[in-house]
S.K.: 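Input: one structure, supplied below.
Below, chains carry the letters A, B, ... as their sequence lines are ordered, and counting in each starts from 1. Keep in mind the model is a prediction, meaning the values are calculated, not measured.
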Amino acid sequence: MEYNFREVEKKWLSYWEKNKTFRTVEDPSKPKYYVLDMFPYPSGAGLHVGHPLGYFASDIYARYMRLKGYNVLHPMGFDAFGLPAEQYAIQTGTHPAVTTEKNIRKYREQLGKLGFSFDWDREVVTADPAYYKWTQWTFIQLYKSWYNYDKCKARPIDELIGIFEKEGNVHVNAACSDVKTFTAEEWKNFSEKEQQEILMNYRLAYLSDTWVNWCPALGTVLANDEVKDGFSERGGHPVERKKMKQWFLRITAYAQRLLDGLDTIDWSESIKEVQRNWIGRSEGAVVFFDIDGHKEQLEIFTTRPDTLFGATFMVLAPEHPVIRRITTPEHRDEVEEYIKTAVNRSERDRIADVKKITGVFTGAYAINPVNNEKIPIWVAEYVLAGYGTGAIMAVPAHDSRDFAFARHFNLPVIQVVTREKNKEEDPATWEDSYDSKEGWLINSGILNGMTVQEAIPAIIDHLKKQNRGYGKVNFRLRDAIFSRQRYWGEPFPVYYKEGIPYTLDEDQLPLELPEVDKYLPTEKGEPPLARAKNWSTPEGYPLETNTMPGFAGSSGYYLRYMDPHNDKEYFSKEAVSYWQNVDLYVGGDEHATGHLIYSRFWNKFLYDLGLSVTEEPFKKLVNQGKILGRSSFVYRVNLEKYAEYLLWQMIRNAGEAENVIRNYRDGNRRFDFYHTPSRLIIEIKSQEKLEKPESYYEDYIRHTGNRLLLLPIHDIIYMTDDIMEDIRQAIEDTAHGHVFFDDHKKKIRTLNPLFVSKNIKDREQWSTPLHVDINMVHNDELDIEAFRKWRPEFENAEFILEEDGKYICGWEIEKMSKSKHNVQTPDELVEKYGADVLRMYEMFLGPIEQSKPWDTNGIEGISRFTKKFWRLFHDQDNRMVVTEEKATDEELKILHKTIKKVREDYERLSFHTAVSSFMICTNDLSSLKCHKREILEPLVILISPLAPLMAEELWENLGHQPSISFAPLPDHDEKYLAEDTFEYPVSFNGKMRFKIVLPVDISADEAEKAVLQAPQAQKWIEGKAVKKVIFVPKRIINVVVK
RNA sequence: GCCCGGAUGGCGGAAUUGGUAGACGCGCUGGACUUAAAAUCCAGUGGUCAUUUGACCGUGCGGGUUCAAGUCCCGCUCCGGGUACCA
């Protein structure tokens, strides 16, 4: 009898549930540790083995920290709003809440079997009104806040109103959309509507009319990170640009803090880099250019103000408002035409031909403020309206895009930065511009002779003094569009009075999602909420019909876990000051520019409000790699191609190859084979076509005098001997005008589907791969019976097998998906091997951060290991055999070595090497037949994070009270690891030659002597001079000989 | 194009600080037990050569630093991911 994991696992899973073993409460006597997984969106497909990978890792770490004496918060919940449930509702009419609840139940059930130590009492579901009440509440706070750059902090909007009333907005240094200055007097005279419009420019949640990513197929607006290459990330529908009124979050106010914060957190360098790029800070200057003959000025942003003297033209984005005012009459038509096509072009089309250089001259000129040169103003698509000021000064000598543009339109190029000091080149000979910031200035008036680094502050200073510009930092980061035209999301706590938005009072929250008759936009194109009856306040003011995007609910969920049942506050002061923030966050790196930016912003805002107590929400982030599917393929034979191939082989074997043309063409007719000497055409036909040969054959034969032999596919494949006989007859029997296939052989024969094994020669010429369910394939061998049952049409399938009689499948690494039949669910594996084995196996696949293909082959090894570990405690009849005998030094050494190594591995989340250490330890103890409590008991605690269910059982059987989860983690004792001797590898010139055992405390001189006298050494020293001996204690001895 | 990762046996991977390359597992080969199979156990398993002791080669490629390089430096190749007219 061996380890009965089914019974044991069931027992402990229900024990944990019944006793709420992992229920966590704030306990100031213990240090806290917060381990969080990115909560899943519960899709209808359920979990596959890839999902729990990160959960296993975090659970192992959470359990490890618990053993170390930490009070560990380890919650789980569901990101429940989202498109799939809504799409499903549109198709079937099922309320998304129903679908979502069903899916959550399924996820809970699946997760429940895997041995996690989640505190389910803290579960949060973003679609639950008790939860989204606080999402709405936060929105209201954002709406009622502005960002004060002087204090680097969000502040109440009332404070801003106070300032306006006192002194207008002249001294206000705020994050805001475009505003004109006004005095206190003017402010007081503005109407309510005007005041509200001005305040909207300052609010951290604001309404604005902008170009958005509109996805007609989904009927909604998408955020930038939801669009990939001009298509929606979900569903892959085309996305267009459209001007709409939308809610925004002023995340750009936090750009600098989001950037600076990255240096304080323990995240992978790569994901920090992605965020840095996304935030896209660039330092430069704003410069004002006069427009010749106009009062207006052109404001541009540049990161290279040092190259200002090299500006030879200006370029405006097609959307730039000034274009129409400055374009000269003779250029008007051309410019209008250009703008029209450019603006209407979708994002997708623009991306499609990035390389194409287009542009048009306005006829107007700008004046370079440093040298008063007149330079032409152009309009071109390569300048984007959304970045900087939508206008640039073009310095073709030192910017590759400007350079390409100048070349294309034959505009002048002036070098102002040289590679070597005072060494001017001829830009006409250049293939590309010189963009580097290494260099010296020339042709630049006051800047001449300076380095680029010196010139930048000098020119900014100069411009500032002249009132012609100033230094500025620009960010690529855009404000986040917060409106979605969907049903299944949080309603905005907003109503409209005379077109002006107002937020609901906090006591009116949550504003629950209304029922609607259909989950589609209205006939007028309004969002689905417009279908709801009485969607208005009690006073009759209409409520907002947009809903919030997916990232709304996930931006603050980690805070809500701290105090999930609080209906008075988002979370209590006590809870947050105890739990602080997430110590370890585990999840996929696909959220780098979405969730992980938004929630950092969300947290910083709540921090400014004094709610969150830390600036950053996630101290350490680990991105688990994706588990990819390993698809299996069978190769379906294309029967016609196969028959052709076989026949050709037969012809060649018969020695007729030189007389036969394959793929014979006559005019525009093509035939399979043509036997030249006997003028015989051979055509391979399916049975149906043989029944009624096409009439043109008769005509063709009559006209050309060629003869024709029609052969059925079936006979070529299954009656090869007869076929060659038929062909031979036809060749010789030249008397016949034409030879149709013999009638007597013409019985109806059905052709069964035929499949060919992977390693059959030339297989790829006449077969096509077909995904098969990976459950029918074991070590790449196909279970033919299972395959026949898989699909009715393959019931009578036939197979071309390998020499050893097996059908071997091909394979490929791809994303796991239903359509590829490569999805492995955890359920099947838990059923077969148990949760502990699955946990350890997923860890054993390799480093947690690495993507890896799923492969079930190795799981047997973990299963064997588990049984072997169990046998350290039990005899063949499953009786405990643990003894109280004193352990030997050797056994103690194995134990303490393992404790040391495994603790180190846990500490650095290297769980695959931890499992391997346990294997080594188990192998060693097995061969020593060690069954001693002194050794085994600490090992049970040590293995419990990896295999918690088995560990609980062993712990109880060893006479302890459950649960092992809070047992003290064993520590290693160096004294058991100490050795008197060390086996030194001895190398000569760096090559290891032999080993020698020496005392650990040996001196370098003694070691050298011992090595040089060793008999094995003589061979290597002989005839050579020993130049040097390197002795590294407890490492190596290297002898340098020459 | 730019920015990050990565490349080690048949496969997943180990080597944490420059110090015995290939731990551990899978797979494979042979053996024991068995009527047989499964399970289990034992032995072998980077390549080439050598009957043995053993020798040489070997961490994508080319160079370098060092007593010593998978690890550090320079130059490439290939693979994966991100991003893209961001001035």
S.K.: Using heavy-atom distances to pick each residue's nearest nucleotide on RNA chain B, tell me which of A:Thr913 and A:Ser917 is more 5'.
M.R.: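 Its nearest nucleotide lies further toward 5', so the answer is A:Thr913.
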S.K.: Both distances below 3.5 Å, Watson-Crick or wobble geometry, any strand: find the nucleotide opposite B:G75.
M.R.: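 B:G75 is paired with B:C61.
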S.K.: Below the 4.0 Å mark, does B:A87 have OP1 or OP2 next to a side-chain nitrogen or oxygen of A:Ser282?
M.R.: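 So the side chain of A:Ser282 is within the cut-off, an N or O lying under 4.0 Å from OP1 or OP2 of B:A87.
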S.K.: Could you give the CD1-to-P distance, from A:Ile392 to B:A87, as a whole number of Å?
M.R.: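 These atoms are roughly 11 Å apart.
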S.K.: Taking B:A21 as the reference, what is the distance to B:A37 when you measure between their P atoms (whole Å, please)?
M.R.: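 One P to the other, the span is 41 Å.
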S.K.: Side chains of A:Val837 and A:Phe865, heavy atoms from C-beta outward: is any pair under 4.5 Å?
M.R.: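 The answer is no; the side chains never approach within 4.5 Å.
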S.K.: Which value, in whole Å, describes the distance between the P atoms of nucleotides B:C85 and B:U16?
M.R.: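 After rounding to an integer number of Å, I get 42 Å for this pair.
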S.K.: Under a 3.5 Å limit for both distances, which nucleotide forms a Watson-Crick or G-U wobble pair with B:A68, could you say?
M.R.: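 In the structure as shown, B:A68 has no Watson-Crick or wobble partner.
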S.K.: Whom does B:G22 pair with, Watson-Crick or G-U wobble, provided both distances fall under 3.5 Å?
M.R.: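 Its partner: none found.
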S.K.: Quick one: which of B:A23, B:C85, B:G25 gets closest to the side chain of A:Phe844?
M.R.: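 The answer is B:G25.
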S.K.: Check whether any side-chain heavy atom of A:Tyr338 sits under 4.5 Å from a side-chain heavy atom of A:Ile323, and report yes or no.
M.R.: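 Side chain of A:Tyr338 against side chain of A:Ile323, heavy atoms only: no contact under 4.5 Å found.
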S.K.: Side-chain N or O of A:Lys867 versus OP1/OP2 of B:A39: is the shortest distance under 4.0 Å?
M.R.: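 Checking A:Lys867 against B:A39: no side-chain N or O falls below 4.0 Å of OP1 or OP2.
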S.K.: By nearest atom, which of the nucleotides B:G19, B:G27, B:C85 is closest to the A:Arg864 side chain?
M.R.: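 The nucleotide sitting nearest to the side chain is B:G27.
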S.K.: Would you measure the distance from the P atom in B:G47 across to the matching atom in B:U52 and give it in whole Å?
M.R.: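 Comparing P positions in B:G47 and B:U52 gives a spacing of 15 Å.
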S.K.: Kindly indicate whether the side chain of A:Lys901 and the base of B:U16 share any N or O donor-acceptor pair separated by less than 3.5 Å?
M.R.: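 Present.
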S.K.: Work out how far the C1' atom of B:A14 is from that of B:C67, and round it to whole angstrom.
M.R.: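 Each nucleotide's C1' atom is 26 Å from the other's.
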S.K.: Which glycosidic conformation, syn or anti, is assigned to B:G9 if syn requires a torsion within 90° of zero?
M.R.: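 Syn conformation here, the glycosidic angle of B:G9 being no more than 90° from 0.
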S.K.: Is atom CD of A:Glu438 surrounded by more than 12 heavy atoms (other residues, nucleotides or ligands) closer than 6.0 Å?
M.R.: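 For A:Glu438, atom CD is not crowded (no more than 12 foreign heavy atoms under 6.0 Å).
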S.K.: Distance check, P atoms only: B:C28 and B:A38, in whole angstrom units.
M.R.: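 About 11 Å, rounded to a whole number of Å.
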S.K.: Can you tell me the base-pairing partner of B:G80? Count Watson-Crick or G-U wobble geometry only, both distances below 3.5 Å, and say none if there is no partner.
M.R.: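 Here B:G80 is engaged in a pair, and the nucleotide opposite it is B:C4.
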S.K.: Among B:C85, B:U40, B:U20, which is the nearest nucleotide to the side chain of A:Leu384?
M.R.: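 It is B:C85.
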S.K.: side-chain hydrogen bond (donor to acceptor under 3.5 Å, both in side chains) for A:Trp267 and A:Asn623? Distances and angles first, verdict last.
M.R.: CA-CA 9 Å; A:Trp267 291 17; A:Asn623 300 115; over 6 Å; no
S.K.: Sort out the partner of B:G27 for me: Watson-Crick or G-U wobble, both distances under 3.5 Å, none otherwise.
M.R.: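 With both distances under 3.5 Å, B:G27 matches B:U45.
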S.K.: Report the nucleotide, chosen from B:A87, B:U16, B:C85, that has the shortest atom-to-atom distance to any side-chain atom of A:Asp905.
M.R.: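 That would be B:U16.
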S.K.: Scan A:Asn1038 against the nucleic acid and name what it touches under 4.0 Å (heavy atoms): base, sugar-phosphate only, or nothing.
M.R.: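 Base, at least one base atom sits under 4.0 Å.
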S.K.: Is the closest side-chain heavy-atom distance between A:Thr866 and A:Phe5 below 4.5 Å?
M.R.: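 No, too far: nothing below the 4.5 Å cut-off.
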S.K.: How about A:Thr856 and A:Gln824: does a side-chain donor come under 3.5 Å of a side-chain acceptor?
M.R.: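 Present: a donor and an acceptor within the cut-off.
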S.K.: Rounded to the Å, how far apart are A:Arg1035 CZ and B:U16 P?
M.R.: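 In whole Å, B:U16 P and A:Arg1035 CZ are 9 Å from each other.
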S.K.: Between A:Ile1030 and A:Asp589, who's closer to the 5' end of RNA chain B by nearest nucleotide?
M.R.: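 Looking at RNA chain B, the more 5' nearest nucleotide goes with A:Ile1030.
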S.K.: Would you please confirm or rule out a distance under 4.0 Å between OP1 or OP2 of B:C56 and any side-chain N or O of A:Arg993?
M.R.: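 Checking B:C56 against A:Arg993, a side-chain N or O does come within under 4.0 Å of OP1 or OP2.
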S.K.: For A:Gln850 and B:G13, is the shortest distance between a side-chain N/O and OP1 or OP2 below 4.0 Å?
M.R.: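 So the side chain of A:Gln850 is within the cut-off, an N or O lying under 4.0 Å from OP1 or OP2 of B:G13.
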S.K.: Rounded to whole angstrom units, what separation is found between the CZ atom of A:Phe982 and the C1' atom of B:U20?
M.R.: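 Between C1' of B:U20 and CZ of A:Phe982: 9 Å.
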S.K.: If you look at every strand shown and take non-hydrogen atoms under 4.0 Å, does A:Val1032 touch a base, only sugar-phosphate, or nothing?
M.R.: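 Answer is base: heavy atoms of A:Val1032 come under 4.0 Å of a base.
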S.K.: Picking from B:A14, B:A87, B:U20, which would you name as closest to the side chain of A:Pro847?
M.R.: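 Taking heavy atoms from C-beta onward, the closest nucleotide is B:A14.
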S.K.: Tell me the partner of B:U35, counting only Watson-Crick (N1-N3 plus N6-O4 or O6-N4) or G-U wobble (N1-O2 and O6-N3) with both under 3.5 Å; none if nothing fits.
M.R.: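 Answer to the pairing question: none, since B:U35 forms no Watson-Crick or G-U pair.
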S.K.: Quickly work out the A:Trp1020 CH2 to B:G54 P distance and round it to whole Å.
M.R.: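 The answer, rounded to whole Å, is 11 Å.
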S.K.: Taking atom P in both B:G31 and B:G80, what distance in whole Å separates the two?
M.R.: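 Those two atoms are separated by 43 Å.
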S.K.: Identify which nucleotide among B:U16, B:A23, B:C26 has an atom closest to any side-chain atom of A:Ile920, counting heavy atoms from C-beta outward.
M.R.: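 So the nucleotide nearest the side chain must be B:A23.
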S.K.: Looking at A:Arg871, I'd like to know whether one of its side-chain N or O atoms comes within less than 4.0 Å of OP1 or OP2 on B:C41.
M.R.: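 For B:C41, OP1 or OP2 has a side-chain N or O of A:Arg871 closer than 4.0 Å.
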S.K.: Starting the side chain at C-beta, find the nucleotide from B:U16, B:G25, B:A55 nearest to A:Asn923.
M.R.: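 So the side chain of A:Asn923 is nearest to B:G25.
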S.K.: Quick one: do A:Glu904 and A:Lys901 make a salt bridge, cutoff under 4.0 Å?
M.R.: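 The answer is no: the pair does not qualify as a salt bridge.
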S.K.: Side chain of A:Ile1036 only, heavy atoms from C-beta on: which candidate in B:C41, B:G13, B:G19 is closest?
M.R.: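 The closest nucleotide is B:G19.
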S.K.: Does B:U51 pair with anything, Watson-Crick or G-U wobble, both distances under 3.5 Å, and if so, with which nucleotide?
M.R.: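 Its partner: none found.
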S.K.: Taking the basic N atoms (NZ, or NE/NH1/NH2) and the acidic carboxylate oxygens, is any pair closer than 4.0 Å for A:Asp432 and A:Arg407?
M.R.: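 So A:Asp432 does not pair with A:Arg407 through a salt bridge.
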S.K.: Whom does B:U17 pair with, Watson-Crick or G-U wobble, provided both distances fall under 3.5 Å?
M.R.: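 Checking every strand shown, B:U17 finds no partner, since no pair has both distances under 3.5 Å.
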S.K.: Nearest to the side chain of A:Met919 - B:G25, B:G13, B:G27?
M.R.: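 Nearest listed nucleotide: B:G25.
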S.K.: Is it true that A:Lys852 and A:Glu842 have a side-chain N and a carboxylate O under 4.0 angstrom from each other?
M.R.: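 The answer is no: the pair does not qualify as a salt bridge.
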S.K.: Mind calculating the distance between CG (A:Asp306) and C1' (B:A87) to the nearest angstrom?
M.R.: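 One finds 13 Å between C1' of B:A87 and CG of A:Asp306, rounded.
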S.K.: Taking the side chain as C-beta and beyond, is there a heavy-atom pair between A:Met38 and A:Leu621 under 4.5 Å?
M.R.: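 Result yes, sub-4.5 Å side-chain heavy-atom pair found.
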S.K.: Please tell me if A:His912 has a side-chain N or O lying less than 4.0 Å from either OP1 or OP2 of B:A14.
M.R.: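 Yes, A:His912 has a side-chain N/O under 4.0 Å of OP1/OP2 on B:A14.
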S.K.: To the nearest angstrom, how far is A:Leu628 atom CG from B:G12 atom C1'?
M.R.: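 Distance check: A:Leu628 CG to B:G12 C1' gives 13 Å.
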S.K.: Using atom C1' of each nucleotide, how far apart are B:G9 and B:U29 to the nearest Å?
M.R.: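 Rounded to whole Å, the distance is 16 Å.
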S.K.: Which of these nucleotides, B:C86, B:C4, B:U20, is closest to any side-chain atom of A:Pro985?
M.R.: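 That would be B:U20.
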S.K.: Scan A:Lys1027 against the nucleic acid and name what it touches under 4.0 Å (heavy atoms): base, sugar-phosphate only, or nothing.
M.R.: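 Nothing, no heavy atom under 4.0 Å.
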S.K.: Please report, rounded to the nearest Å, how far the C1' atom of B:C26 is from the CH2 atom of A:Trp854.
M.R.: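 Value for this atom pair: 13 Å.
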S.K.: Please measure how far the P atom in B:C57 lies from the corresponding atom in B:G70, and state the result in whole Å.
M.R.: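 After rounding to an integer number of Å, I get 13 Å for this pair.
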S.K.: Taking atom C1' of B:G81 as reference, at what distance in whole Å does atom CG of A:Asn277 sit?
M.R.: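 Nearest whole value for this atom pair: 13 Å.
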